[in-house]
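Worksheet: one structure, shown below.
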Amino acid sequence: MIIGHRIRFRAVERGDLPTFVTWLNDPEVQQGIMIHHPFSQAEEENWYEGMIKHPIDEHVMGIEVRETEPQAGEEQWKLIGSLAFNEIDWRNRAAEFGIMIGDKKYWNRGYGTEAVLLLVNHGFNTLNLNRIFLRVFENNPRAIRAYEKAGFVHEGRLRQAEFRDGKYIDVLMMSRLKDES
Ligand SMILES: CC(C)(COP(=O)(O)OP(=O)(O)OC[C@H]1O[C@@H](n2cnc3c(N)ncnc32)[C@H](O)[C@@H]1OP(=O)(O)O)[C@@H](O)C(=O)NCCC(=O)NCCS
């Protein structure tokens with residue numbers, strides 16, 4: 001577990017996959033991510049079997065939010081999304097990450113920013129990364145704002161890199177360096 005203030009990261013289990021399929025088929029969620037096709041349980045299981053063969057630091061983690069106050073007895077946690085570093089470049093100590101809060105009830109409540117900050121802390125202070133970066137669609141202001149709040153700076157624009165809904169959109173590159181912590 002990686003424990004934050006209101007959230008924690010845990011390993012994704014096979015039992016989580018139906019929830020992921022629901023999220024990945026939500027058109028509003030799909031707008032921000034690379035998926036643009038109906039996504040089946042079988043495809044998700046196939047993805048999962050591949051993912052768990054990757055190095056452990058690249059495994060997708062579930063984002064859970066605390067549903068009870070710490071002093072109010074047994075803690076309860078709810079899965080709201082996932083995130084991961086992709087293909088960590090150990091020589092350059094750099095990694096890209098992706099995040100999805102699939103449960104839309106939890107959008108705009110600061111959980112995305114908190115999750116990015118917790119992942120950044122893990123990346124810099126446990127994995128000893130130096131550079132963490134991401135790609136985001138220009139028409140995803142919620143995500144861009146969350147990344148800016150988490151200290152990411154704009155560093156580039158991949159012009160017309162994505163084709164969506166009949167038109168090309170730019171993909172923005174953002175990053176944060178360890179010495180900017
Ligand atoms: C992107 C995502 C991770 C952000 O998480 P979140 O918990 O909703 O974000 P936060 O609440 O931390 O921050 C969102 C910020 O965007 C702002 N925002 C929301 N909609 C906005 C809009 N249309 N224009 C401008 N700002 C907007 C919010 O007001 C908030 O800023 P504030 O705190 O200054 O008011 C989450 O919404 C998500 O997973 N979406 C679906 C998948 C996705 O797009 N993933 C990212 C791929 S790059």
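Counting starts at 1 for both ligands and their atoms, following the listed order.
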E148 vs H154, side chain to side chain donor-acceptor pair (under 3.5 Å): CA-CA, chis, key distance, verdict: CA-CA 8 Å; E148 288 170 345; H154 292 264; 2.7 Å; yes
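- G112 CA, 3.3 Å is the protein heavy atom nearest to atom 5 (O) of ligand 1.
- Between atom 13 (O) of ligand 1 and the options Q30, M174, K149, the minimum heavy-atom separation is to K149.
- Atoms of ligand 1 lying under 4.0 Å from any heavy atom of P141, numbered from 1 in the order shown and given with element: 22 (C), 23 (N), 24 (N), 25 (C).
- When D26, T113, I101 are checked for heavy-atom proximity to atom 10 (P) of ligand 1, T113 turns out nearest.
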Verdict with supporting geometry, W90 and D57, side chain to side chain contact (heavy atoms under 4.5 Å, CB included): CA-CA 11 Å; W90 290 110; D57 291 317; 3.8 Å; yes
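- Linking ILVMFWY side-chain heavy atoms closer than 4.5 Å, directly or via other members, places I88 and F152 in a single hydrophobic cluster.
- With atom 27 (C) of ligand 1 as the reference point, the heavy atom nearest to it among R109, R142, M34, E28 is part of R142.
- Residue contacts with ligand 1: V29 is placed with no nitrogen or oxygen under 3.5 Å of a nitrogen or oxygen of the ligand (distance criterion only).
- Q76 CD: 12 or fewer foreign heavy atoms inside a 6.0 Å radius.
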Check residues 116-130 and write down every donor-acceptor pair under 3.5 Å in which the side-chain atom is one partner and the other belongs to a residue at least two apart or another chain.
from, atom 1, to, atom 2, distance (Å)
N121, OD1, N125, ND2, 2.6
N128, OD1, K178, NZ, 3.1

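- Distances from atom 9 (O) of ligand 1 to the heavy atoms of S82, A143, A146 put A146 nearest.
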Side chain to side chain contact (heavy atoms under 4.5 Å, CB included) evaluation trace for K78 with D103: CA-CA 10 Å; K78 180 176 169 53; D103 190 330; 3.4 Å; yes
Check against side chain to side chain contact (heavy atoms under 4.5 Å, CB included), I132 and F85: CA-CA 9 Å; I132 297 175; F85 287 119; 3.9 Å; yes
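- Among all non-hydrogen protein atoms, the one lying nearest atom 47 (C) of ligand 1 is G32 O, 3.2 Å.
- In terms of protein heavy-atom proximity, atom 45 (N) of ligand 1 is nearest to I99 O, 2.9 Å.
- Only the side chain of R145 comes within contact range of ligand 1, with a heavy atom under 4.0 Å; no backbone atom does.
- Residue R135 has no nitrogen or oxygen atom sitting less than 3.5 Å from a nitrogen or oxygen atom of ligand 1, judged on distance alone.
- Distance screen at 4.0 Å: atom 2 (C) of ligand 1 has no protein heavy-atom neighbour inside the cut-off.
- For atom 35 (O) of ligand 1, the protein comes within 4.0 Å by no heavy atom at all.
- N140 ND2, 2.9 Å is the protein heavy atom nearest to atom 44 (O) of ligand 1.
- As a member of the Ile/Leu/Val/Met/Phe/Trp/Tyr network built from side-chain separations under 4.5 Å, M173 groups with M34, F133, F137, L158, I169, V171.
- Neither the backbone nor the side chain of V116 comes within contact range of ligand 1; no heavy atom lies under 4.0 Å.
- Paired with I63 under the rule side-chain contact (heavy atoms from CB on, under 4.5 Å), one option of I2, I99, L79 passes, and it is I99.
- What sits closest to atom 41 (C) of ligand 1 on the protein, heavy atoms only, is W107 CZ2, 3.5 Å.
- The closest approach between G81 and ligand 1 stays at or above 4.0 Å for every heavy atom of the residue.
- For ligand 1, the atoms closer than 4.0 angstrom to any heavy atom of M100 are 39 (O).
- Those atoms of ligand 1 with a heavy atom of G110 less than 4.0 angstrom away are 10 (P), 11 (O), 12 (O).
- Contact annotation for Q31 and ligand 1: no heavy atom of the residue comes within less than 4.0 Å of the ligand.
- Annotation: H36, atom NE2; neighbour count of heavy atoms from other residues, nucleotides and ligands within 6.0 Å does not exceed 12.
- Here the shortest heavy-atom pairing between I52 and E49 reads CG1-O, 3.6 Å.
- With R66 contributing its side chain and H5 its backbone, the two residues share a donor-acceptor pair below 3.5 Å.
- The side chain of Y147, and not its backbone, has at least one atom closer than 4.0 Å to an atom of ligand 1 (non-hydrogen atoms only; side chain from C-beta on).
- Taking a 6.0 Å sphere around CZ of F163, one finds it holds more than 12 heavy atoms contributed by other residues, nucleotides or ligands.
- Proximity annotation for atom 28 (C) of ligand 1: of L172, N108, L117, L24, N108 comes nearest, heavy atoms only.
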